[in-house]
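Inspection log for the structure reproduced underneath, given as structure tokens.
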Amino acid sequence: MDDEFTARAGEYWPRLTRTARLLTGNSARAERLARAALAEVYARRRTPRDDAEFYVRRALVRGFLRSRTRPLIGSRRAPESYAADRLDPLTEVLAALPPRRRAVAVLHHWDGLSHREIAALLNSSPGAVKAHGRRALKALRAHSAYGAGGRPGSGPVPPPGIPAAVLPAVEEAGRTRRRSRRRTTAVLTTVCALLLVPLALGAVRGTGSGGDGGDTTPVSRTSVRVVTAGERVSAAPGAEVWLTKDGKHWSTPKGPNQFRPVDKGSKGSSAAITLESEPSSGTRLFHSGVLQSVREPSRVQLTTPDGTFTARILTLAGSPGWSVWYADTQLQDGKSLLSEITVKAYDSAGKLLAQTGTSS
């Protein structure tokens with residue numbers, strides 16, 4: 001195992017096993033979950049260094065939720081019971097919570113994560129996380145230890161370090177995952193090439209409201225995705241988008257590794273939106289931009305000579321005050337008419353946040 005990953009694993013291990021122990025109420029199962037999470041991230045090879053702990057924590061939490069929701073068909077073994085921590089009476093409340101609500105409670109009250117960060121971990125919406133959090137907080141407040149001055153998350157965290165016997169097991173499990181992933185990818189690549197390309201083309205053609213008469217996506221169905229810094233998103237054929245704390249990064253076949261910084265000095269002022277358009281693949285255009293706004297966006301609408309399209313939105317966890325939008329459209333008669341493209345952003349109430357002027 002490389003020295004860099006070993007050092008990071010030693011740093012994460014105490015917090016990781018503590019979170020796993022709070023989720024499971026079982027020390028042995030907590031260590032198994034922590035090992036599996038490290039192995040999953042180790043198998044990736046290309047995990048962003050600054051966000052490695054996020055991916056390890058996400059693997060841990062999702063592994064816990066999968067194990068709790070998997071039916072025990074044909075199994076005579078009873079589910080493991082939750083043993084509360086005698087040094088932390090409030091863990092008695094966790095034992096009675098459903099798995100997802102328990103995960104939200106642990107991540108928010110014990111680990112100190114925001115609702116947006118938890119939403120990214122659970123691949124859920126911030127609203128759903130807040131709803132689980134309210135119910136969990138109500139249960140915590142009903143416990144006598146909470147009213148007596150106790151608060152979750154006040155217990156000590158063990159110092160950094162990982163047992164030497166754990167590292168070889170994690171490395172072997174990670175290598176096994178890599179081999180399995182390569183075999184699966186080789187098979188699925190051929191199948192997807194035959195089956196998914198026609199479906200993808202049909203879906204793209206159906207997103208416009210002009211030409212073929214399709215409807216724009218309503219506000220309630222717009223995709224707003226919370227991502228972590230450096231997490232690459234496949235935005236269009238041949239195009240990727242990823243966010244860092246400094247701004248938007250994107251890559252297309254004709255323009256790899258491009259960057260647009262965020263104007264941090266404008267935070268709190270009026271909203272603004274940008275537009276960049278360039279060929280992506282074949283006769284298609286890839287559009288993207290940065291939206292800076294105090295209010296959270298719910299819909300970004302792109303109007304072109306070929307119709308009206310609803311873009312997708314990416315934002316970093318923690319309400320940074322800006323987000324990135326992107327969309328993919330067909331070139332009209334093989335020619336780019338960027339001077340006739342406008343972009344408008346709306347909030348959840350349908351109020352206009354910002355719009356572009358005429359792009360040249």
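If you're wondering where the values come from, they're calculated on a predicted model, not measured in any experiment. We number each residue from 1, following the sequence as shown.
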Atom CD in E40, atom CG in L60: separation rounded to 0.5 Å? 10.0 Å
With side chain to side chain contact (heavy atoms under 4.5 Å, CB included) as the test, would you mind laying out the steps for T356 and T274 before giving the verdict? CA-CA 7 Å; T356 59; T274 66; over 6 Å; no
Axial cation check for Y346 ring with R299, 6.0 Å and 45° limits: yes
Please report the interatomic distance CZ(R135) to CG(L140), rounded to the nearest 0.5 Å. 14.5 Å
Among L291, I273, V290, which one satisfies side-chain contact (heavy atoms from CB on, under 4.5 Å) with S323? L291
Minimum side-chain heavy-atom gap W13-R18 below 4.5 Å: no
Exam field: side chain T91 to backbone D85, donor-acceptor pair closer than 3.5 Å: yes
With a 4.0 Å cut-off, would you call E231 and R225 a salt bridge? yes
L275 vs I341, side chain to side chain contact (heavy atoms under 4.5 Å, CB included): CA-CA, chis, key distance, verdict: CA-CA 9 Å; L275 165 66; I341 296 177; 3.8 Å; yes
Decide yes or no on side chain to side chain donor-acceptor pair (under 3.5 Å) for H249 and Q258, but give the supporting numbers first. CA-CA 6 Å; H249 302 255; Q258 301 180 71; over 6 Å; no
Exactly one of R29, R32, R62 clears side chain to side chain donor-acceptor pair (under 3.5 Å) with S67, and that residue is R29
The reported gap from OH in Y326 to NE2 in H287 (rounded to nearest 0.5 angstrom) is 13.5 Å
Is there side-chain contact between P297 and L353, with at least one heavy-atom pair below 4.5 Å? yes
Please step through side chain to side chain donor-acceptor pair (under 3.5 Å) for the pair E278 and W250, ending with a clear verdict. CA-CA 11 Å; E278 58 191 292; W250 75 101; 2.7 Å; yes
Side chain to side chain donor-acceptor pair (under 3.5 Å) between S251 and N257, intermediate numbers included: CA-CA 5 Å; S251 181; N257 300 324; 4.6 Å; no
Start with the C-alpha distance between L90 and W110, add both sets of side-chain angles, then the distance that settles side chain to side chain contact (heavy atoms under 4.5 Å, CB included), and finish with yes or no. CA-CA 10 Å; L90 287 173; W110 273 265; 4.1 Å; yes
Any idea which heavy atoms bring A239 and T252 closest together, and the distance? CB-CG2, 4.1 Å
Tell me, do V241 and F286 make a side-chain contact under 4.5 Å, heavy atoms counted? yes
If you look at every heavy atom in L97 and A139, which pair is closest and at what distance? CD2-CB, 4.2 Å
Return the set of residues passing side chain to side chain donor-acceptor pair (under 3.5 Å) with T304 (not counting sequence neighbours), or none when no residue passes. none
Can you give me the closest heavy-atom contact between P99 and F64, atom names plus distance? O-CE2, 3.7 Å
Report the C-alpha separation of R141 and L137 in whole Å, then their side-chain angles, then the decisive distance to 0.1 Å, and conclude whether the side chain to side chain contact (heavy atoms under 4.5 Å, CB included) test is met. CA-CA 6 Å; R141 285 176 171 170; L137 181 58; 3.6 Å; yes
Closest heavy-atom contact between T315 and P320? OG1-CD, 3.8 Å
Got a second to check how far I313's CD1 is from E296's CD, nearest 0.5 Å? 10.0 Å
Nearest atoms (heavy-atom pairs only) where L113 meets H108: O-ND1, 2.8 Å
Side-chain contact, heavy-atom cut-off 4.5 Å: T308 with L302? no
Among residues two or more places apart or on two chains, list those pairs meeting side chain to side chain donor-acceptor pair (under 3.5 Å) that have a residue in residues 233-242. R232-E240
Excluding sequence neighbours, so at least two apart, what forms salt bridge (Lys or Arg N to Asp or Glu O under 4.0 Å) with R260? E276
Is there a side-chain contact between V300 and T310, using heavy atoms and a 4.5 Å cut-off? no
Worked verdict on D111 versus R15 for salt bridge (charged side-chain N to carboxylate O under 4.0 Å, His left out): CA-CA 9 Å; D111 291 353; R15 297 190 294 270; over 6 Å; no
Which of V233, L243, V262 passes side-chain contact (heavy atoms from CB on, under 4.5 Å) with V324? Answer is L243
For L23 and V61, work out which heavy atoms get closest and say how close. CD1-CG2, 4.4 Å
In this structure, OG1 of T303 is separated from CZ of F309 (nearest 0.5 Å) by 9.5 Å
Is P89 close to H143 at the side-chain level, that is, under 4.5 Å between some pair of heavy atoms? yes
Donor-acceptor pair, E117 side chain versus S114 backbone, under 3.5 Å? yes
Rounded to the nearest 0.5 angstrom, the OG1-CZ distance for T24 and R102 is 8.0 Å
